[in-house]
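Everything below concerns the one structure shown next.
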Amino acid sequence: MSTASRTPRIVSGITSRLPVRVDKTVRRLAVLSLIGQIVLVVTGGAVRLTASGLGCPTWPRCTEGSLATTPEMGIHGIIEFGNRLLTFALAAVAVMMLVYLWNLRKERRDLFLLALGLLASIPAQAVIGGITVLTQLNPWVVGLHFLVSMALVVLATLLVNRAYDRTGKARTVQLPALPGVARPVMTAVAVLSAVAVCLGVVVTGAGPHAGDANAPRNDLDWDLFAHIHAVPAYLVTAGALFALVLVVRGRIQGPFRSSVFMLLGVTVLQATIGFTQYYNGIPALLVGAHMLAAALLMSAATNAADLARYSPVD
């Protein structure tokens, strides 16, 4: 039997072993994808905050003669190359997700397309990362790199919600009815969270943590944009407090209640870190914590808005 004639049987044998419904493996991969995207934000922050942005001074290789870091590159090379390796780990998770969803690609098209989007983002992130290195850490390119990571956190959060059938057309989890105002408020909170993150990128591009001692800054007024950045953050806090009043007064239970408490907790944490770093000279460790909290905020705001969208209206 020729190789060509055996191939359909081999493929059929593999696909027959793949799930025909969303199972624990699919859900675990979705959660792993979300965790991985948030960790990527943290490791990207470590690259910047340890001045390791040019730890691998070339791209796609780490050095002119080596794909990986070398002992001569020191700790900066290890940090930068480690961040690059994490991208491949996330690609592996995305590929596994697509494989496990193969038999469900039509029935659960929502999951398949989200997983495909996460996989497609990997080469896009790699290219942006390469441009970042080749432009010697241009602050606008660095900022774009971060914003794409934030968008991937949003996609991964939606993937988790749909994998657990909490939202989307295939929703099976019964969500309690919400007041009509909840949906637009939570949508506004999610949008304002994204605005705050975008302005935070501008502030960071004007600040001292460039990723390398010789990297350029955007030459904007750091203090002015820090105050502008705070405006949508205040509005996000107000929206989260308003949602808290809704769930407490309405005695709303279930996933939406949990999402509001999570959103408020992350918002307070982010605000506390922001104020502390502003009044203490922007220490690197707090900047890293602020980046982690930004990723958590985008996930929490997306989760709350997504649940509100698919909840019935009271």
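Worth saying up front: this structure is predicted, and the values here are computed from it rather than measured. Heads up: numbering here begins at 1 and tracks the sequence.
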Sub-3.5 Å donor-acceptor pair from the side chain of Thr58 to the main-chain atoms of Arg61, do we have one? yes
Could you grab the distance from atom OG of Ser121 to atom CD1 of Ile128, nearest 0.5 Å is fine? 9.5 Å
Spell out, yes or no, whether Leu152 and Val47 are grouped together once hydrophobic residues are joined by side-chain heavy atoms under 4.5 Å, including indirect joins. no
Tell me if a side-chain donor or acceptor on Arg217 pairs with a main-chain N or O of Gly205 at a distance below 3.5 Å. yes
Looking at every non-hydrogen atom in both residues, tell me the closest pair between Pro208 and Ile282 and how far apart they are. CD-CD1, 3.9 Å
Output the distance between atom CD1 (Ile78) and atom CD1 (Ile75), rounded to the nearest 0.5 Å. 4.5 Å
For Arg28, is there an ion pair with Asp23 - N to carboxylate O distance below 4.0 angstrom? no
State, with a plain yes or no, whether a side-chain heavy atom of Thr167 is found less than 4.5 Å away from one of Arg309. no
Nearest 0.5 angstrom please: Leu296 CG to Gln270 CD, how far? 8.5 Å
Where is the tightest heavy-atom contact between Ile79 and Thr50, given as atom of each residue plus distance? CD1-OG1, 3.5 Å
Examine distances only and state if a side-chain atom of Ser52 and a backbone atom of Arg48 form a donor-acceptor pair shorter than 3.5 Å. no
With a cut-off of 6.0 Å (strictly less than), are more than 12 heavy atoms of other residues, nucleotides or ligands near CD of Gln174? no
Which residue in the set Leu297, Val201, Val197 passes side-chain contact (heavy atoms from CB on, under 4.5 Å) when paired with Met150? Val197
Regarding Arg166 and the six-membered ring of Tyr310, is the cationic atom NZ or CZ under 6.0 Å from the ring centre and inside 45° of its axis? no
Path from Leu269 to Val41 over hydrophobic side-chain contacts below 4.5 Å: no
Please check if the side chain of Ser193 supplies one atom and the backbone of Val189 the other of a donor-acceptor pair under 3.5 Å. yes
Looking at CD1 of Ile122 and CZ of Phe88, how far apart are the two atoms once the value is rounded to the nearest 0.5 Å? 9.5 Å
Is it the case that one hydrophobic cluster holds both Leu155 and Leu104, taking links as side-chain heavy atoms less than 4.5 Å apart, direct or via other members? yes
Run the ring-centre check on Tyr278 versus His227 and record whether the distance is less than 6.0 Å. yes
Taken to the nearest 0.5 Å, the spacing of Leu54 CG from Gln136 CD works out to 5.0 Å
Donor-acceptor contact present, side-chain Ser33 to main-chain Leu29, <3.5 Å: no
Where the side chain of Asn303 meets the backbone of Ser299, is there a donor-acceptor pair that is under 3.5 Å apart? no
Looking only at heavy atoms, the pair that brings Val313 and Ala177 closest together is C-CB, 4.2 Å
Using side-chain heavy atoms (C-beta onward) and a distance below 4.5 Å, is Ile252 in contact with Pro179? yes
Applying the 4.5 Å side-chain criterion to the ILVMFWY set and letting contacts propagate, would Leu286 and Leu49 be lumped into a single cluster? no
How far apart are the C-alpha atoms of Gln125 and Ser149, what are their side-chain angles, what is the distance that settles it, and do they pass the side-chain hydrogen bond (donor to acceptor under 3.5 Å, both in side chains) test? CA-CA 8 Å; Gln125 277 286 65; Ser149 291; 2.8 Å; yes
Of all heavy-atom pairs between Val133 and Pro57, which one has the smallest distance, and what is that distance? CG1-O, 3.4 Å
Around atom CZ of Phe81, are there more than 12 heavy atoms from other residues, nucleotides or ligands closer than 6.0 Å? yes
Consider only side-chain heavy atoms of I, L, V, M, F, W and Y, link residues closer than 4.5 Å, and tell whether Leu85 and Val39 are in one cluster. no
Would you name the heavy atoms of Val154 and Met298 that are closest together and state the gap between them? CG2-CE, 3.7 Å
Is there a donor-acceptor pair under 3.5 Å between the side chain of Arg171 and the backbone N or O of Asp165? no
Residue Arg105 excluded, over 12 heavy atoms near CZ under 6.0 Å: yes
Pair Arg162 + Asp306: basic N to acidic O under 4.0 Å: yes
How many angstroms lie between CG in Leu114 and CG in Leu119, if you round to the nearest 0.5 Å? 12.5 Å
Begin from the C-alpha positions of Leu178 and Val247 and carry the test side chain to side chain contact (heavy atoms under 4.5 Å, CB included) through to its verdict. CA-CA 8 Å; Leu178 302 178; Val247 298; 5.7 Å; no
Verdict with supporting geometry, Trp140 and Asn218, side chain to side chain contact (heavy atoms under 4.5 Å, CB included): CA-CA 7 Å; Trp140 299 108; Asn218 60 26; 3.7 Å; yes
On a heavy-atom basis, which atom in Gly36 and which in Leu86 lie closest, and how many Å separate them? O-CD2, 4.4 Å
Chi angles and distances behind the salt bridge (Lys or Arg N to Asp or Glu O under 4.0 Å) call for Asp110, Arg108: CA-CA 5 Å; Asp110 56 338; Arg108 293 304 307 270; 3.2 Å; yes
Would you say His229's side chain and Ala196's backbone share a donor-acceptor pair under 3.5 angstrom? yes
